[in-house]
Structures are given as structure tokens and as C-alpha cells.
Amino acid sequence: MRRALEYMYRSGTFVADHVSPTTDEQVQPNGVDLTVDIVFEQRDPGRITTDGKEIGDRVARPLEQREQKAPDTYYLPEGSYVVRYGERIRIPEEHVGFVYPRSSLMRNSCMLNTAVWDAGYEGRGEGLLQVHHDVELERGARIAQLVFAAADHQDVYDGSYQGENLVGGDDGV
Ligand SMILES: O=c1ccn([C@H]2C[C@H](O)[C@@H](COP(=O)(O)OP(=O)(O)OP(=O)(O)O)O2)c(=O)[nH]1
């Protein structure tokens, strides 16, 4: 048996130790599925400058129950949305995280665009959901998969998103 760190990517079981909450269903061979918690629509322009950034105002999409007893669902017309995942994620030292769309999302003409998850980051992060054909997403459904790769790095993440979205409440959902 080779030592785990000889592999570039870590197992889903290892990733699961850094994601909470998780159910058995979320743990995949090579990563952990992430669920959709809140879907936002951006309303105002953001701003990226040489010395900073501002995120434009956004509003949470309404959750609907179109049939009696149907679960809370986001009915999303074609467009771009920002999704917040339901899980708290911690990227351990000597690792970097990548999020991919769940293939069923992609097969339904939707895509998640994501950025780099830095060593030392902890929070409930976000992704860009591109809806190219109307889609229904039940709140709490699995839409993405997080994988970890072993990685060298200098310092750990200490930016403005550190600890983001860990206490809920002000999103209107
Ligand atoms: O798809 C992604 C990718 C990353 N992150 C989290 C983890 C990452 O560590 C953090 C910051 O990402 P990045 O360093 O790319 O953001 P930035 O715009 O450069 O902000 P900062 O100036 O705080 O580094 O955001 C997400 O929520 N979603």
C-alpha cells in the first residue's frame, strides 16, 4: 500500500473529514458532493480594482412548493446565479481544493464555474451557476463535488472570505 500523499488527489473519505455536515450519500470515491443551500441573483454591479473588490448587491431567489407537500425547490429560468453551498468546508494545509459540477447538472445543460480553494480557507463558499436551460433544484440537493489535491504553498488563506457564511440568518431564507 502506497502512502496517501504519493497520490496527487485525496480520497473522498479524506475530503469528508473536512466537510460538514455530510451524509454517506455525499461521500464519493474521489471527493464529496456539495449541496445547494441558497441561490442568489445579482442585482447591482460589483467592482474589482487594483487594491480591492466589492461584491454587487444580490437577492435570494424564492423557494417554491408547486405541489402540495413538494419539497422546497428553486425553479430557475435561463440565466446566471450565485449559489451558496450547504456545507462548511475547511481546506487543510498542504492541500488545494477544486469544485466541479455534478455531471447530472451538466447533463441538464447547467454548469458551475468555480475558482481555487486555498489551503487554510474555512467557510461556506459560493459558485457561479450557469443555467442554459430551465432547471429545478431542490434545496439541499447535491449539485457539485469537492476534491482535494496535495499541494505545496506559502502561508495559508487569510483573505476577506475567511470564515464566510458560517452564521446564517440575514439572507431571507
Ligand atoms: O469557487 C470557489 C473558489 C473559492 N472559494 C473560496 C475559497 C477560497 O479560498 C476563497 C477565496 O478565493 P480567492 O482567493 O480566489 O478570492 P479573491 O477574490 O482573490 O479574494 P481574497 O482577496 O480574499 O483572496 O473563496 C469559493 O467560495 N468558491
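In each ligand, atom 1 is the first atom listed, and ligand 1 is the first ligand listed.
- Using bins of under 30°, 30° to 60° and over 60° for the plane-to-plane angle, the ring pair Tyr100/Phe98 lands in the tilted bin.
- Taking every heavy atom of both residues into account, Gly140 and Thr35 meet most closely at O-CG2, 3.2 Å.
- For Tyr121 and Glu164, the side-chain atoms include at least one donor-acceptor pair closer than 3.5 Å.
- Residue-level contacts of ligand 1 at the 4.0 Å heavy-atom threshold are Lys53, Thr114, Ala115, Val116, Trp117, Asp118, Tyr121, Gly125, Glu126, Tyr157, Gly159, Ser160, Tyr161, Glu164.
- Under the 3.5 Å distance criterion, with hydrogens and angles disregarded, no donor-acceptor pair is assigned to the side chains of Gln42 and Asp57.
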Contacts table for residues 145-155: side-chain donor-acceptor under 3.5 angstrom, sequence neighbours left out:
residue, atom, partner, partner atom, Å
Gln145, OE1, Gly31, N, 3.2
His153, ND1, Asp155, O, 2.7
His153, NE2, Glu94, N, 2.8

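- A cation-pi contact links Arg58 to Phe40, judged by a cut-off of 6.0 Å to the six-membered ring centre and 45° from its axis.
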